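Reckoned from all heavy atoms, side chains included, excluding hydrogens, waters and symmetry mates. Keep in mind that what you see is a predicted model, and the values were worked out from it rather than measured.
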Amino acid sequence: MLKKLRIKFIVLNMATVAVVLTVVFAAICVVNHRQSVATVDGALNQAIAQASEHQGRQMGKDALGEGQPDGEQPAPDGVAAPPTIGGRERSGEQVIPVALFSMSSDGDMTALGRFNTASISQDVLEQAGEQLVGADEGFGSLSDLGLFYMKRQSGGVMYLAFADMGSASGWRVLAATLAVVEVAALAVFLVISLFFSRWALRPVARAWTQQRRFVADASHDLKTPLTVILANTSIALEHPERSVASQSQWLESTQHEAEAMQGLVGDLITLAKMDEEEAAAQSGAARLALEEVDLSDVIEGEVLQFESVAFERGVKLGSQVEPGIKLRGNEQRLRRLAGTLIDNACKYVDDGGAVDVALSRVGKQAKLEVRNTGAPISPEDLPHVFDRFYRADKARTGGVGGHGLGLAIARAIAEEHGGALTASSTQAEGTAFTATLPLK
């Protein structure tokens, strides 16, 4: 399942990036093409404008008797020639070769040589003339001939300016370049996606592993008491003539196993309820009802509850509780937090060891520390002791029962009160669970 999920994650990411890059690069090519066409349009307009201007000056000179025979003659030495239309590159501008003609009313075209920076073969020119003789003025293209054109009348003369459509084909080179860039970018992103897919799915993989472990553990924990209950029931039914008193050992065993099952179900219900409360709080709904709680009284009461348990196990249970520590919280949940930590310490203490419970005020927080002696939690297990459904190595726990939910519930209680629960474990100092809760 995780492999398929990872593949879907990578495919979705790659498809998204590919679509985004394609759209962006296509937009760049379209803009580049339009700018190139606009540049050609400007060059053709400029050619016609300068030809018309030159024609106007020539007519003025002719009226004064100062005109030269034809614009085709070279300029005298020392006199600058008219500017080339689009054929010479200004600073940073693209060179657009232009062929400029004047058209008579019957469609005959005359080349304006001094303004031409491009030439057109006669057969192409004839075809263009046939198509444009009746065309409207303006900018357009002759795709079959591969030409852009500008038809405009100025100063009583109909001008036709032509430019090769290749002048606006720079977008093709740009598109090819961007295609290579896109392929390279996708290859790099594929490598990144392969790496980040592992990182992104790591919590999912951990949750999946924990769930599978829980299913196995819960199945075992439920299977054993159910087997015992069925066996006890079968034995009791084999002797219906016997009294309840004579069958008490089977009934007591059945009750014990049923209580164990009830504890597991209760833990699951508690976690589900806390998850619902957390989701409701995130959506803006009312949080857990809080009231003023004397945490010192709560801890002292829980310590008293476990004195008999510690005595039976030969464990020394000590406490140092600072009086008068109050906060806003849920008393039942806080009792569950303290009881879980003390019970956990009593379960995993070594024979003849000690459990110490300390409550103190540190700044604006209440600090509850429960410490026990005995074999430390391994470095591999320590980061996971608060994970749901996680149980440490049976070699350390000595096969002590539990469903791996107690500490997860304790941490959830601490967090819903705005605090935190941490753990530390060394051979020299033993194992300590520390809950910090904000004061009232």
Side-chain angles (χ1 to χ4, degrees), residues 22-58 71-72 80-105 107-181:
T22 300
V23 171
V24 171
F25 289 169
I28 292 174
C29 290
V30 170
V31 171
N32 179 268
H33 176 63
R34 290 183 178 179
Q35 289 178 343
S36 299
V37 172
T39 301
V40 173
D41 186 6
L44 297 180
N45 270 310
Q46 186 182 16
I48 293 175
Q50 291 189 4
S52 176
E53 181 182 355
H54 176 73
Q55 183 70 18
R57 289 199 304 267
Q58 188 65 36
E72 295 292 332
T84 301
I85 309 303
R88 297 191 185 184
E89 185 178 359
R90 298 181 185 177
S91 177
E93 292 187 358
Q94 181 183 0
V95 176
I96 306 295
V98 177
L100 185 63
F101 300 86
S102 61
M103 174 184 280
S104 63
S105 58
D108 292 336
M109 289 189 289
T110 304
L112 302 179
R114 70 182 301 168
F115 297 101
N116 284 348
T117 56
S119 61
I120 301 178
S121 62
Q122 188 62 32
D123 58 334
V124 173
L125 184 61
E126 291 176 356
Q127 296 179 52
E130 293 175 359
Q131 296 183 41
L132 297 177
V133 65
D136 296 333
E137 295 183 27
F139 176 79
S141 62
L142 302 173
S143 301
D144 56 332
L145 301 178
L147 295 174
F148 287 116
Y149 72 86
M150 172 62 71
K151 182 179 181 181
R152 200 177 76 190
Q153 186 172 0
S154 179
V157 180
M158 182 64 71
Y159 292 98
L160 274 175
F162 297 96
D164 191 348
M165 294 185 74
S167 302
S169 63
W171 68 273
R172 300 179 186 276
V173 178
L174 177 62
T177 302
L178 291 179
V180 174
V181 171

> Would you find a donor on one side and an acceptor on the other, under 3.5 Å apart, between the side chain of Asn45 and the backbone of Asp41?
Replying inline: yes

> Can you name the nearest heavy-atom pair linking Ile96 to Thr117, along with the distance?
Replying inline: O-OG1, 4.0 Å

> Looking only at heavy atoms, what is the nearest atom pair of Gly170 and Asn32, with distance?
Replying inline: C-OD1, 3.9 Å

> Roughly how far, to the nearest 0.5 Å, is the CG atom of Leu100 from the OH atom of Tyr159?
Replying inline: 7.5 Å

> How many angstroms lie between CE in Met158 and CE in Met109, if you round to the nearest 0.5 Å?
Replying inline: 12.5 Å

> For the atom pair CE (Met165) and OG (Ser36), what is the distance rounded to the nearest 0.5 Å?
Replying inline: 12.0 Å

> By side-chain hydrogen bond (donor to acceptor under 3.5 Å, both in side chains), which residues pair with Thr177, not counting sequence neighbours?
Replying inline: none

> Can any side-chain N or O of Ser167 pair as donor or acceptor with the backbone N or O of Asp164 at less than 3.5 Å?
Replying inline: yes

> What is the distance from atom CZ of Arg152 to atom CG of Leu160, rounded to the nearest 0.5 Å?
Replying inline: 12.0 Å

> Any sub-3.5 Å donor-acceptor pair from Ser52's side-chain atoms to Ile48's backbone N or O?
Replying inline: no

Would you give me the side-chain donor-acceptor pairs under 3.5 Å for residues 127-148, sequence neighbours excluded?
{"residue": "Gln131", "atom": "NE2", "partner": "Asp144", "partner atom": "OD2", "Å": "3.2"}
{"residue": "Glu137", "atom": "OE1", "partner": "Gln153", "partner atom": "N", "Å": "3.4"}

>> To the closest 0.5 Å, what do you measure between CD1 (Ile28) and CH2 (Trp171)?
In response: 14.0 Å

